[in-house]
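Below is one structure, written out as structure tokens; comments come after it.
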4 protein chains.
Amino acid sequence: MGGGRTRRMPRAERERQMLDAAVQIIARHGYAAASMDEIAELAGVSKPLVYLYLNSKDDLFTACIRREAAALTRAVRAAVRSALPADRRLWAGVLAFFTYTAEHPDGWTVLHLQARTHGPRFAAEADAVRAEMTAFVTRLIATAARESPHSRDLPARETEGLAVALIGAAESLADWTNTIPAATAVQAATTLMNFAWSGLGDLMSGEQWTEPVGA
Amino acid sequence: MGGGRTRRMPRAERERQMLDAAVQIIARHGYAAASMDEIAELAGVSKPLVYLYLNSKDDLFTACIRREAAALTRAVRAAVRSALPADRRLWAGVLAFFTYTAEHPDGWTVLHLQARTHGPRFAAEADAVRAEMTAFVTRLIATAARESPHSRDLPARETEGLAVALIGAAESLADWTNTIPAATAVQAATTLMNFAWSGLGDLMSGEQWTEPVGA
Amino acid sequence: MGGGRTRRMPRAERERQMLDAAVQIIARHGYAAASMDEIAELAGVSKPLVYLYLNSKDDLFTACIRREAAALTRAVRAAVRSALPADRRLWAGVLAFFTYTAEHPDGWTVLHLQARTHGPRFAAEADAVRAEMTAFVTRLIATAARESPHSRDLPARETEGLAVALIGAAESLADWTNTIPAATAVQAATTLMNFAWSGLGDLMSGEQWTEPVGA
Amino acid sequence: MGGGRTRRMPRAERERQMLDAAVQIIARHGYAAASMDEIAELAGVSKPLVYLYLNSKDDLFTACIRREAAALTRAVRAAVRSALPADRRLWAGVLAFFTYTAEHPDGWTVLHLQARTHGPRFAAEADAVRAEMTAFVTRLIATAARESPHSRDLPARETEGLAVALIGAAESLADWTNTIPAATAVQAATTLMNFAWSGLGDLMSGEQWTEPVGA
DNA sequence: TATGAATGAGGGTTCATTCAT
DNA sequence: AATGAATGAACCCTCATTCAT
């Protein structure tokens, strides 16, 4: 027996296959309902090999979270790393975010939902990404406020609250967008910017935020 | 706590105790990690009684979700049932929402996180609440837009997207607020209204949204 | 609440209801799969009453077996109690047997199958009936042999074996007959007599079947 | 018996051990009372291995029934496959039958009693064997009747009834024989042939037993 | 006579994990 | 690099049985 599986491949590639399988199954069945058997089978290897490489179910989950967290972080960081005005940097980051969530729905589910619902150890891993994104937005708001003509002074707690709200809005839109077949990352990003930057009040007055040209 | 089970009580009361225990344990350990033994012990009864009354672990979870969903829905509905201007109705609803999440953190966790991560059957139960809240906000935005002096015409999809964003922002703030000991529901509601109603753009210009007096 | 059931009836009648219910459920689901809950519900009483009257599941089963055994024994005994020639007494007994099994299929199943498959304690109860019937047939054969013109002398062991075979044939025909809607007790009895008496008749005449040599 | 589990053996052999253990325990305690723990222990393995190989208690039971059914069927078929006269073929089959029941008393109990008392799914498995044996005897009787000098014409229903009676007599004798230490398969077969063939022989000669009038 | 409330005990099943090769 | 064979531990669930009224 033993036919079918392509054997003897380099460790790095095998690990990637295992993580791919794990992310998919965990996203769809939930971490607890995902069995090592299923994951090993989908990865096309035997269970002991998964243990040899990834050590335990917890470590496997942690590795999944870290990989997806790193991927998202990398994408958003790359988009934001420019020296543009605040709203254009925000736009770039938000677009990168929705692009990632649209292209990696399972990874996004693992990060956003599964990592937060199976104990603090995993939640902590996922929180790092949120914390980074929140910090970025917080700085952005603080800077913008300072640079505004009216130079408002927002208390730190309030600034962070606004950032948390914005991140939550983005997450919610990401989930929603993924349930709508035709929806695109650009649309989601536009909606979020409309909501967040211009504000509903402005929306009412017709002052809609507009996507910066050449982004 | 307090040893010595109080025996022989009417079924309704026992069921409430069981649901209380289940919500607490599921919120803290996760649905999958929550064992019926633990739940029964915290409820102060034997496991068979839990099965006699609630039938199965799945049914118990469903009952928890439904109870918490109904409680949240009831609170928000009651707050919103007035004939006030849009922003004041929104304020009332938002405040009721944050009040509930602050007073029932475990229930909120069950509804917001656990129900969404353990298969579609449970997710569907929790979605009903989100759908209702989203629909409420959607109508609110549509009405406000129509009544605004500039009478903007937002496409339905866009309106719903804005509502989804707002709900997401609220959920995110609710989680965040619950991690900060001193935070109050009023503060969270104010932050959300600042963010959502006035808009960040307005915030920059100093036109802060203000809590309506006498609410 | 509590409506529907006719309450307060004399103990004897209640017990009969309980046994009726138990026999039906045990015959159809098997003793092990029959639950006291089911039985109590079918009997229209609460479980504690079943325990009050019948004491335990084992005792309830024993009572069922005894009741059905007594009924069958009584029917056959009554039919056989005459001073007729051997074949007519056998016919009468056989007919009474098939009449009982046709009219009490559940009772027959309990006696014939359930009582024999759940431990020796119950098997012993049911064996009493078989033993009595076997003994009756054994005596009948012995008598007939002695009275036959050729006056064959069958060894006791052989005589009993023939009786066992006849009883087994009867049991098998009883089961088979119960699966055929139109079949009657008279037909079954006739088939059995054809099979058994003509065969036994030949035995009496000394025409014993002989094992083929070199088989 | 013999402590110290022999470890690491090929799957097929392990499965056989498990079935052996299951047949023994089910025959002696009854299917419902047989616990997977007991079976696993007697087989010298852990419970999970039993589940890994046999899947569930029901499937294990089914596998037992099928194995014993196949063994009995094979033995009888092999004995009967010759082109002998009817009575010699019958003798061969009957002898093979009693040989099997004597050598595999637990298997016989599983097939004859346990399989018939725990729901229709299992009963159907066991019925196949009975059906085959009944069909064989039915054909035998029909053939013999046609070939007899008096060429009696038995209705199909009657022929089948006679076969059912014969099979029942055999089953009954098998049980009885197993309770008598010194009894042999040859003795049981002889008794059955005496009972059945001489009887059938008379039937063939047209000397049918007739129901006494006025009974 | 009769029952709603409650439980000790045990069984089937599954799973993460390891051993021996 | 890779796997077939095997298990300890735990979990969901059910059932016969009893208590208090």
Side-chain angles (χ1 to χ4, degrees), chain A residues 1-2 5-11 13-14 32-40 44-60, chain B residues 5 7-11 13-14 32-40 44-60, chain C residues 1-2 5-11 14 32-40 44-53 55-60, chain D residues 5 7-11 13-14 32-40 44-60:
Chain A
M1 303 293 157
R5 300 170 175 172
T6 310
R7 304 204 181 198
R8 305 264 157 186
M9 59 173 50
R11 171 161 183 159
E13 194 173 351
R14 272 276 190 254
S35 83
M36 294 298 272
D37 273 296
E38 258 181 314
I39 293 171
V45 295
S46 71
K47 238 186 324 179
L49 199 61
V50 178
Y51 278 88
L52 189 63
Y53 285 177
L54 275 316
N55 204 46
S56 77
K57 196 188 181 187
D58 273 25
D59 285 1
L60 171 58
Chain B
R5 309 177 165 172
R7 305 212 176 198
R8 298 265 152 187
M9 46 200 307
R11 171 166 182 159
E13 194 174 350
R14 270 277 189 254
S35 86
M36 295 298 272
D37 274 299
E38 257 180 315
I39 292 170
V45 296
S46 69
K47 224 184 341 176
L49 201 61
V50 179
Y51 280 90
L52 189 62
Y53 287 174
L54 276 313
N55 208 46
S56 76
K57 196 187 182 189
D58 273 26
D59 284 3
L60 171 59
Chain C
M1 301 292 156
R5 301 169 175 175
T6 311
R7 304 203 180 200
R8 304 267 157 187
M9 61 172 50
R11 172 161 181 160
R14 272 277 190 252
S35 83
M36 295 297 272
D37 272 295
E38 258 181 313
I39 292 171
V45 296
S46 69
K47 237 186 324 179
L49 199 61
V50 179
Y51 279 88
L52 189 62
Y53 284 177
N55 204 46
S56 76
K57 196 189 181 188
D58 273 25
D59 285 1
L60 171 58
Chain D
R5 308 176 167 175
R7 305 212 175 198
R8 297 264 152 187
M9 46 200 306
R11 171 165 181 159
E13 195 173 350
R14 271 278 189 253
S35 86
M36 294 298 272
D37 273 300
E38 257 180 314
I39 292 170
V45 295
S46 69
K47 225 181 345 172
L49 200 62
V50 180
Y51 279 90
L52 189 60
Y53 287 173
L54 277 313
N55 208 45
S56 77
K57 197 187 182 188
D58 273 26
D59 284 3
L60 171 59

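Source: prediction; values computed, not measured. In what follows, chains carry the letters A, B, and so on, assigned in the order in which the sequence lines appear, proteins first and then strands, with residues in each chain numbered from 1.
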Readout for nucleotides 14-21 of chain E: B = base within 4.0 Å of protein heavy atom, S = sugar-phosphate only, - = neither; 5' to 3' it is BBSBBBS-
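- Counting all heavy atoms, side chain and backbone alike, D/Arg14 lies closest to D/Gly44 at NH2-O, 4.4 Å.
- B/Val50 approaches B/Val45 most closely through the heavy-atom pair CG2-CG2, 3.8 Å.
- When all heavy atoms of D/Leu60 and D/Ile39 are compared, the pair lying nearest together is CD2-CD1, 4.0 Å.
- Taking all atoms of both residues into account, the shortest heavy-atom contact from B/Ala32 to A/Ala32 is CB-CB, 2.8 Å.
- Residue contacts shown for A/Arg11 are absent, as no nucleic acid heavy atom lies under 4.0 Å away.
- Taking only side-chain nitrogens and oxygens, D/Arg14 never comes nearer than 4.0 Å to OP1 or OP2 of F/dG4.
- For A/Tyr53, the side-chain atoms get nearest to F/dA1 when compared with the rest of F/dA1, F/dA6, E/dA6.
- Interatomic distance, D/Leu49 CG to D/Ser46 OG, rounded to the nearest 0.5 Å: 5.5 Å.
- The terminal axes of the helix from E/dA2-F/dT21 to E/dT21-F/dA2, fitted over 5 pairs per end, subtend an angle of 30° to the nearest 10°.
- The backbone N or O of A/Ser35 lies less than 3.5 Å from a partner atom in the side chain of A/Glu38, making a donor-acceptor pair.
- Counting to the nearest Å, the P atom of F/dA6 and the CE atom of D/Met9 are 8 Å from each other.
- Atom-to-atom, CG of D/Leu54 to C1' of F/dA6 comes out at 15 Å; the value is rounded to the nearest Å.
- Counting to the nearest Å, the C1' atom of E/dG12 and the CG atom of D/Leu49 are 16 Å from each other.
- In this structure, C/Met36 CE and C/Lys57 NZ are separated by 7.5 Å, a value rounded to the nearest 0.5 Å.
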